[in-house]
**Student:** 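Submitted below is the structure of interest, expressed as structure tokens.
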Amino acid sequence: MSDPLAFSLAAALQFAGYQWSVIPMRARDKRPLIKWREYQHRLATATEINEWYRKWPEANVGIVTGAISGLVVLDIDPRHDGEHSLAQWEKTYEPLPLSVESRTGGGGRHVYFQHPGGVIHNRVGIVAGIDLRGDGGCVVAPPSIHSSGQAYTWVKGHEPGTLALAELPDWLLTLVKD
């Protein structure tokens, strides 16, 4: 990663091209660098994105989840037993469909789904180690760097543009709906 500006900027512009709401995140952190409420309702322009990554070349890339981006992201954290919780869900219901997926720098997984419409709220601790990022939320995306120094990466064959976003399974929608 010899040129962090080019690396982060290219990813942010690519995601904006998917009509995902992009925001800059603090370097090696999960917190936005900007007041991002407006980006829950409108997409950043290419000019804004260029300005952000020129100002903060080491910034992580954030994606605003929810209807604005057409995304709901399941956040699975193995450090809090998320893989076990997911295995229990999949045993009770059915396996998650193949979808866009990334590995987090902390060793977890982000599974991206199509937003089903309506309002899907963020849910923390649905079960041990599993959160949902929906309307009003955001996630850190590849090629960002985690506080551990590890990069967020796309799972091979599950990159956006390579694999379509799956629909949120009905059983999962039922579990997360208020």
Side-chain angles (χ1 to χ4, degrees), residues 1-80 82 99-115 119-125 129-156 158-163 165:
M1 189 167 29
S2 59
D3 185 357
L5 168 61
F7 204 49
S8 296
L9 176 59
L13 290 170
Q14 177 185 11
F15 303 151
Y18 298 141
Q19 300 301 297
W20 294 353
S21 183
V22 176
I23 55 173
M25 308 294 269
R26 294 175 192 228
R28 295 181 179 240
D29 200 329
K30 299 177 181 182
R31 293 176 293 168
L33 278 162
I34 61 169
K35 292 182 180 179
W36 61 286
R37 184 176 193 94
E38 74 179 278
Y39 300 100
Q40 294 175 40
H41 306 286
R42 76 165 182 92
L43 301 176
T45 66
T47 300
E48 288 172 309
I49 294 168
N50 275 289
E51 287 173 1
W52 293 334
Y53 287 93
R54 278 190 178 64
K55 183 175 182 179
W56 301 298
E58 304 272 333
N60 279 341
V61 180
I63 298 171
V64 179
T65 55
I68 185 67
S69 295
L71 296 172
V72 175
V73 177
L74 195 64
D75 183 353
I76 304 159
D77 186 348
R79 294 173 300 165
H80 294 103
S99 195
V100 172
E101 184 175 337
S102 68
R103 296 275 179 215
T104 69
R109 298 165 54 195
H110 286 165
V111 183
Y112 291 63
F113 295 99
Q114 293 176 25
H115 191 285
V119 176
I120 304 296
H121 294 289
N122 291 312
R123 297 283 306 274
V124 175
I130 298 183
D131 301 335
L132 184 92
R133 300 291 174 229
D135 294 283
C138 63
V139 294
V140 177
S144 299
I145 304 297
H146 188 267
S147 60
S148 68
Q150 297 299 309
Y152 288 69
T153 59
W154 293 112
V155 172
K156 187 174 173 72
H158 294 250
E159 303 93 343
T162 300
L163 185 65
L165 291 168

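Only a predicted model underlies this, so the values are computations on that prediction, with no experimental measurement involved.
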**Student:** Please list, chain by chain and in numerical order, all residues satisfying side-chain contact (heavy atoms from CB on, under 4.5 Å) with Gln19, sequence neighbours excluded.
**Tutor:**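 Gln19 satisfies side-chain contact (heavy atoms from CB on, under 4.5 Å) with Leu43 once adjacent residues are dropped.
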
**Student:** Quick one: list whatever passes ring pair (Phe, Tyr, Trp, His ring centres under 6.0 Å) with Trp20, sequence neighbours left out.
**Tutor:**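 Ring pair (Phe, Tyr, Trp, His ring centres under 6.0 Å) list for Trp20, sorted by chain: Phe15, Tyr18, Tyr112.
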
**Student:** Excluding sequence neighbours, so at least two apart, what forms side-chain hydrogen bond (donor to acceptor under 3.5 Å, both in side chains) with Thr45?
**Tutor:**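 Only Glu48 meet the side-chain hydrogen bond (donor to acceptor under 3.5 Å, both in side chains) criterion with Thr45.
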
**Student:** Should the heavy atoms of other residues, nucleotides or ligands under 6.0 Å from NE2 of His80 be counted, would the total exceed 12?
**Tutor:**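 Check fails, neighbour count at 12 or below.
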
**Student:** Tell me, please, which residues at least two apart from Arg31 pass salt bridge (Lys or Arg N to Asp or Glu O under 4.0 Å).
**Tutor:**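 Here the qualifying residues are Asp29.
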
**Student:** I'd like to check the salt bridge (Lys or Arg N to Asp or Glu O under 4.0 Å) partners of Arg109; sequence neighbours left out, ordered by chain and number.
**Tutor:**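 Salt bridge (Lys or Arg N to Asp or Glu O under 4.0 Å) check on Arg109 returns Glu83, Glu101.
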
**Student:** Got a sec, which residues hit side-chain hydrogen bond (donor to acceptor under 3.5 Å, both in side chains) with His41, two or more places apart in sequence or on another chain?
**Tutor:**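 Result, side-chain hydrogen bond (donor to acceptor under 3.5 Å, both in side chains) vs His41: none returned.
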
**Student:** Among residues at least two apart in sequence or on other chains, which ones pass side-chain hydrogen bond (donor to acceptor under 3.5 Å, both in side chains) with Thr153?
**Tutor:**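 None.
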
**Student:** As an exercise, state the distance from CZ of Arg123 to CG of Leu74, rounded to the nearest 0.5 Å.
**Tutor:**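 Rounded to the nearest 0.5 Å, the CZ-CG separation comes to 11.5 Å.
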
**Student:** Mind checking what makes ring pair (Phe, Tyr, Trp, His ring centres under 6.0 Å) contact with Tyr39, not counting sequence neighbours?
**Tutor:**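 For Tyr39, the residues satisfying ring pair (Phe, Tyr, Trp, His ring centres under 6.0 Å) (neighbours in sequence not counted) are Trp52.
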
**Student:** With side-chain hydrogen bond (donor to acceptor under 3.5 Å, both in side chains) as the rule and sequence neighbours excluded, what pairs involving residues 136-148 come up?
**Tutor:**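 Qualifying pairs: His146-Ser148.
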
**Student:** Strictly by salt bridge (charged side-chain N to carboxylate O under 4.0 Å, His left out), give each pair with a member in residues 131-146 just once, sequence neighbours left out.
**Tutor:**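 Every pair satisfying salt bridge (charged side-chain N to carboxylate O under 4.0 Å, His left out) with a residue in residues 131-146: Asp131-Arg133.
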
**Student:** Using the side-chain hydrogen bond (donor to acceptor under 3.5 Å, both in side chains) criterion, which residues pair with Glu51? Sequence neighbours excluded.
**Tutor:**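 Once residues adjacent in sequence are excluded, Glu51 has no partner under the side-chain hydrogen bond (donor to acceptor under 3.5 Å, both in side chains) criterion.
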
**Student:** Residues two or more places apart in sequence or in another chain: which of them pass salt bridge (Lys or Arg N to Asp or Glu O under 4.0 Å) with Arg37?
**Tutor:**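 Applying salt bridge (Lys or Arg N to Asp or Glu O under 4.0 Å) to Arg37 gives none.
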
